[in-house]
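Heads up, the thing below is written out as structure tokens.
Lettering of chains follows the sequences in order, A, B, ..., and the numbering in each one begins at 1.
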2 protein chains.
Amino acid sequence: MSLKFALLGFLSTEAASGFDLAREFGESVGWFWFSSHSQIYPELRRLETEGLVASTPSPGGPGKQKRIYRLTEQGETELQSWLEQPTEYAPIRDVERVKLVFLDQAPVEVIRRHLEDHKKHYEDLLAVYTQQLRELHRGVFPRLVKRLATRPRNSHEMITGLKVLAMQGNIARVRTEIHWAEDALSWLEGMEDQT
Amino acid sequence: MSLKFALLGFLSTEAASGFDLAREFGESVGWFWFSSHSQIYPELRRLETEGLVASTPSPGGPGKQKRIYRLTEQGETELQSWLEQPTEYAPIRDVERVKLVFLDQAPVEVIRRHLEDHKKHYEDLLAVYTQQLRELHRGVFPRLVKRLATRPRNSHEMITGLKVLAMQGNIARVRTEIHWAEDALSWLEGMEDQT
DNA sequence: GGATCCATGTAATTAGTTACATGATTTA
DNA sequence: TAAATCATGTAACTAATTACATGGATCC
């Protein structure tokens, strides 16, 4: 259900092709919703039949069969009404935690490797998020720039502020994971010494 | 794929019925994997045909058609080999963040309500996790007690330690969310004053 | 005897993954 | 001209949700 609104949200900043969306929803680590092109293309067509988006063939001439999707007024309305509704929190499905609590019969090195992977994973994310926050503050973050360009000046501070908040939240999260993994690793060292 | 191993993991502590599992995977907030009974019952039968679990009708006599599933040796082996493999991190799908970054055209009260809901949500979780951590430390957490009872004494510290770690991690996470929401709310207050 | 909980199931649908497939355009 | 990138699609499958359905046991 949320892919729909993630797409509408993205298109509320600027029109884009399925390929653009698939790139942003797929490769880019700094984005908040992952999806693959095989899900995005059919969904866009579905949204078009619903009247929430409209598409035009790319102005690149023939040969290029690229389609550009833009939000319709109806899509804008539907997006706004979804945004206002309270969020339903996704049920917890945490593979790492499941592994951790049942790893108690495994060799200590295995546990350590898991914790080190955990730390590494979030350190990599931290680097990405930190870079993006820097770009937001400098006003060179591409999607921020585009959104500011299409919105009234008196909403610019809010637009920037919310994106900064979101990114700060991500940074706080990954820092928490890194610190936790470090604490866990030093606890584990103590466990080994006992053997 | 992970439901399979969440079930095997759970059954590695003690045999249980589909109903027990559905209760633990459904209602209980403190658990790491959510699933509904309509997914669990068929999955258990599938695992039985795979030979990873075995079931016996409950010893409650006839009338009660309750089936108790226990892990087989093959299931134990498969679980351990899964536990050792590096975790593949789930792709990010974060509805709250998607909402937040597109809420910039909505009234400030709407944004505030979202942030307050966020804070409330994680405060409720914090209460649950804190209580569970207390029970772990006191040695009265039911699933810890059961697991300790079936494992050699020299692994007791590891069993307890890992569960404590997992719970501390959850607590750290929710605290991060609460602090973030508080910071966001006070930033938002400043925004309102400007109007 | 009615409500609540225990206990297990199926059917229909939506969401998401993985793999296969095709062809145009750009770059080296 | 070969490789990489742009661009869009389908098919098969697995995972998860939602709703419907049934009946026994226990409690009041």
Nearest-nucleotide pick for [X], side chain only, options being [options]:
X       : options               : value
A:Arg23 : D:dA16, C:dA7, D:dC6  : D:dC6
A:Ser36 : C:dT18, C:dT10, D:dG9 : C:dT18
B:His37 : D:dA19, C:dA7, D:dT17 : D:dA19
B:Pro91 : D:dT17, D:dA7, C:dT17 : C:dT17
A:Arg67 : D:dT17, D:dA7, D:dT8  : D:dT8
A:Leu3  : C:dG9, C:dA7, C:dG16  : C:dG16

Protein-nucleotide distance ([X], atom [atom1]; [N], atom [atom2]), rounded to Å:
X       : N      : atom1 : atom2 : result
A:Phe19 : C:dA24 : CZ    : C1'   : 12 Å
B:Glu88 : C:dG16 : CD    : C1'   : 15 Å
A:Leu21 : D:dT8  : CG    : C1'   : 13 Å
B:Asp20 : C:dC5  : CG    : C1'   : 13 Å
B:Leu44 : C:dA7  : CG    : P     : 14 Å
A:Met1  : D:dA16 : CE    : C1'   : 16 Å
A:Phe34 : C:dA15 : CZ    : P     : 16 Å
B:Ile92 : C:dG16 : CD1   : P     : 15 Å

Exercise. Would you say the base of D:dT18 and the side-chain of B:Ser38 have a donor-acceptor pair closer than 3.5 Å?
Worked result: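 For B:Ser38, whose side chain was compared with the base of D:dT18, there is a donor-acceptor pair (under 3.5 Å).
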So, [X] and [Y]: side-chain donor and acceptor under 3.5 Å apart, yes or no?
X        : Y        : result
B:Gln80  : B:Glu76  : yes
B:Thr13  : B:Arg147 : yes
A:Glu135 : A:Gln131 : yes

Exercise. Can you find a pair of side-chain heavy atoms, one from A:Phe5 and one from A:Glu78, that are under 4.5 Å apart?
Worked result: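 The answer is yes; the side chains approach within 4.5 Å.
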Exercise. Angle class for the A:Tyr122/A:His118 ring planes (parallel below 30°, perpendicular above 60°, tilted otherwise)?
Worked result: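 It falls in the tilted class, 30° to 60°.
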Within less than 4.0 Å of OP1 or OP2 of [N], is there a side-chain N or O belonging to [X]?
X       : N      : answer
B:Gln39 : D:dA15 : no
A:Arg45 : D:dT8  : no
B:Tyr41 : C:dT8  : yes

Exercise. With a 4.0 Å cut-off on heavy atoms, is B:Arg93 in touch with a base, just the backbone sugar-phosphate, or nothing at all?
Worked result: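 Sugar-phosphate, backbone atoms only, no base.
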